[in-house]
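Below: one structure, written as C-alpha cells.
Everything numeric in this text was worked out from a predicted model, so none of it was measured.
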Amino acid sequence: MIRLLVLLLPVLAAVVMWQVSAWSLARRLDKSATRLKDPLLLAGVDRLAAAMELRAIPVYVQEVPTINGLAAPDGRVFLTRGFLRRYESAEVGAEELLSVIAHELGHVALGHSKRRMIDFAGQNLVRMLIFSVLGRMVPFLGPLLANLATRALAARLSQQDEYEADEFATALMIKAGYGAEPQIRLFEKLDALTRQGPRSTPAWLMTHPETRLRVETIRRNVAKWTGTGSKPPSAPPSGRLQ
C-alpha cells in the first residue's frame, strides 16, 4: 500500500499543479484579453462555425506583442495582438489568420488540454521512476537523465498534438471553402515573422515540429484526400466543441 501511495503521489501532485496552472492562465487571459472585432475576420470565423455546425465561435485577442495563437484549457480560442498587427500591416492575410484559428479549434475539439494534463501526470511518474532507478546507479547523472527523458517524452507528445491540430485545421479550412493554401502560406512565412533562425535545440526536444515538416505533412494529407478520392477525416466534427 505504501509503495502504491508513493507512486500515486507524483501523479496527484501533477494533476493539482496542472489545475492551478490552468486556473492561473484563465485569470491572466481574463485580464488581458478582449473579443475579436475585425469584421472581415469575424465573417471568416462564422464560415468556420458553419462548417462545424456551430452557431458561433467566440475568438478573443490576448493583449501581448508576441505572434501566437492559443487554445486555453477552458476551451476559448485566442489570437495575440502581435499577430493581429501583422494582419493589419498586410504581412498576414485574413485567410492565413483564419488557419491559425482553425488550428487552435483543433486543439479544443480534439481535447488536447485534457490529454496534456494526463500526459503531464504520466511524465511526473516516469521522471520519478527513472530517477529512483538511475539515481542509485549513477547518483550524479540520474537526475539529469530523468529530466532529459521526460523532456523528450513531453516533446514527442506535444508534437503529436500539433500534427493532429494541423490536420484538423486543414480539413476545416477545406470544408469552409478556403482550401489548404492559406495554412501553407502562413507556415512558409512563420519563421520570418517570428524571427527564428536555425535552432540549437535538438528536434526531439522541441515542443513543435519543424515548420518544413508541418508543411510537407499538410501537402501529403491534401494529396491523399484528393488523389485517392477519399474525404478528410471526420474532424471537424459537428456539434459542440469539447
Side-chain angles (χ1 to χ4, degrees), residues 41 43-54 57 59 67-71 75 77 79 83 87 92-116 118-119 152-194 196 198-199 201-242:
L41 290 176
V45 172
D46 286 342
R47 283 179 63 175
L48 297 181
M52 295 180 68
E53 301 180 20
L54 297 171
I57 297 172
V59 179
I67 296 174
N68 202 5
L70 172 68
V77 172
L79 293 173
F83 230 148
Y87 160 70
V92 174
E95 293 181 4
E96 294 166 2
L97 208 52
L98 288 171
S99 74
V100 178
I101 295 172
H103 175 91
E104 300 307 328
L105 287 170
H107 283 308
V108 175
L110 298 172
H112 286 165
S113 291
K114 296 175 184 177
R115 193 163 78 189
R116 284 177 182 175
I118 297 170
D119 291 342
L153 175 60
R156 181 180 178 83
L157 294 172
S158 178
Q159 288 188 26
Q160 178 183 334
D161 285 353
E162 294 305 318
Y163 279 124
E164 290 179 0
D166 284 348
E167 183 178 33
F168 182 101
T170 306
L172 179 54
M173 291 289 285
I174 291 172
K175 189 174 181 181
Y178 293 113
E181 283 306 312
Q183 186 185 20
I184 292 172
R185 286 199 306 268
L186 180 67
F187 274 128
E188 289 173 342
K189 298 177 181 178
L190 199 56
D191 288 343
L193 287 172
T194 55
Q196 289 183 350
R199 297 179 179 180
T201 305
W204 50 277
L205 286 179
M206 293 185 344
T207 58
H208 286 58
E210 291 182 44
T211 304
R212 172 185 58 83
L213 296 178
R214 296 175 78 173
V215 171
E216 290 175 359
T217 302
I218 292 167
R219 291 191 187 279
R220 280 199 303 271
N221 285 335
V222 174
K224 177 179 64 178
W225 299 333
T226 57
T228 63
S230 62
K231 295 181 179 180
S234 57
S238 61
R240 295 181 300 171
L241 294 176
Q242 295 182 15

Just verifying a value: how many Å separate [X] [atom1] and [Y] [atom2], rounded to the nearest 0.5 Å?
X	Y	atom1	atom2	answer
Leu98	Leu48	CG	CG	5.5 Å
Trp225	Ile174	CH2	CD1	5.0 Å
Thr170	Glu181	OG1	CD	10.5 Å
Ile184	Glu216	CD1	CD	11.0 Å
Leu213	His208	CG	NE2	14.0 Å
Ser99	Phe187	OG	CZ	7.0 Å

Taking every non-hydrogen atom, the tightest pair across [X] and [Y]:
X	Y	value
Phe168	Leu105	CE2-C, 4.0 Å
Gly179	Pro182	O-CD, 3.5 Å
His103	Ala165	CE1-CB, 3.4 Å
Glu104	Ala71	OE1-N, 3.1 Å
Leu41	Ala94	CD2-O, 3.7 Å

For residues Arg214 and Thr217, is any side-chain donor paired with an opposing acceptor at under 3.5 Å? no

Examine the side chains of Thr211 and Asp191 and answer whether a donor and an acceptor come within less than 3.5 Å of each other. yes

Would you check, one step at a time, whether the test side-chain contact (heavy atoms from CB on, under 4.5 Å) holds for Glu164 with His107? CA-CA 8 Å; Glu164 290 179 0; His107 283 308; over 6 Å; no

Side-chain heavy-atom pair Arg219, Val222 within 4.5 angstrom cut-off: no

Between Ile57 and Met52, is a side-chain contact (heavy atoms from CB on, under 4.5 Å) present by the stated rule, with each step listed? CA-CA 10 Å; Ile57 297 172; Met52 295 180 68; 4.3 Å; yes

Spell out, as yes or no, whether a donor-acceptor pair under 3.5 Å connects the side chain of Gln183 to the backbone of Asp166.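 The answer is yes, because a donor-acceptor pair under 3.5 Å joins these two groups.
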
